[in-house]
Amino acid sequence: MQLPAAPDLTDLAHTHAGPMHWLATATATAAVVALAGLLQPGPAGTTAAATAAAAPRPAAAPEAAGAAYPLECGGGPHTVAKRVSGDLDGDGNPETVAVVHCEAGSGTPPSGVYVLTRGKGTDAPARVVATLVAPDQHRSVTELAVRDGAVLATLLGYSSLDVPRCCPDEKEQVSWRWKGGAFVRAGQDEARGA
């Protein structure tokens, strides 16, 4: 079998570079360079993190440890058992929700649930702006969270005075949301003022 002869490439029209060929090549190259310039990242150092860092930051959440709580411990100390933070009133700055009870050697001391905001001035301690659960309600808090601007808690309590204080027999899921200038419990009236 005999193979056909290879064509003479010097006779093909597209193998001869003429002015139109060079003009088309230059235009295509310029288009690629321009497109690459448009798709490049911003100047060095400009990142989403740098842009976020330039934006004003919200204040830090109030510290629960230094606040003065409306809690009577008979001269004894109190304990901040739980704390969570989040923006509860929509102002862009976080509040802190603290579960506080008197220190006790045994049993389950009742808890208070308090909302704290930053004190006036840079060194001022946080201040209590609302009491969501008062210790005289005889409740303990097992779960505490802030989600979507609402305070969520699980409260344990007692159905009667005959139930031993070690063993709560009632469990309640509750939530509070800031409405009309007060914390409103789901299905309840306003929380007590501080």
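If you're wondering where the values come from, they're calculated on a predicted model, not measured in any experiment.
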Considering all heavy atoms of both residues, which atom of D87 and which atom of G92 are nearest to each other, and what is their separation? OD2-N, 2.8 Å
Does one hydrophobic cluster hold both L156 and V113, with members joined at side-chain heavy-atom distances below 4.5 Å? no
H138 side, atom NE2; L161 side, atom CG - distance, nearest 0.5 Å: 8.0 Å
Search all heavy atoms of S140 against all heavy atoms of P109 and return the closest pair with its distance. OG-O, 3.9 Å
Correct closest heavy-atom pair for Y69 and A64 would be OH-O, 2.6 Å
T154 versus K171: any side-chain heavy-atom pair under 4.5 Å? yes
Is there side-chain contact between L152 and V146, with at least one heavy-atom pair below 4.5 Å? no
Nearest 0.5 Å please: distance from the CD atom of E172 over to the CG atom of L155. 5.5 Å
From F183 atom CZ to T131 atom OG1, the distance as rounded to the nearest 0.5 Å: 11.0 Å
Nearest heavy-atom neighbours spanning G149 and R177: C-NH1, 3.8 Å
Check: S160 side chain, D162 main-chain N or O, donor-acceptor pair, under 3.5 Å: yes
Side chains of Y114 and L71, heavy atoms from C-beta outward: is any pair under 4.5 Å? yes
Could you go step by step and tell me if L88 and W176 meet the side chain to side chain contact (heavy atoms under 4.5 Å, CB included) rule? CA-CA 10 Å; L88 302 176; W176 295 267; over 6 Å; no
E95 side, atom CD; R118 side, atom CZ - distance, nearest 0.5 Å: 11.0 Å
So, does R83 use its side chain to make a donor-acceptor pair with the main chain of E63 at under 3.5 Å? no
Taking C-beta and beyond as the side chain, do L144 and V151 meet within less than 4.5 Å on heavy atoms? yes
Would you indicate whether the side-chain heavy atoms of E170 and R139 approach each other to under 4.5 Å? yes
P62 and T117: which non-hydrogen atoms are nearest, and at how many Å? CG-C, 3.5 Å
Check S85 against A61 and note the closest heavy-atom contact, atom names and distance. OG-CB, 3.3 Å
Between D169 and Y158, is any pair of side-chain heavy atoms under 4.5 Å apart? yes
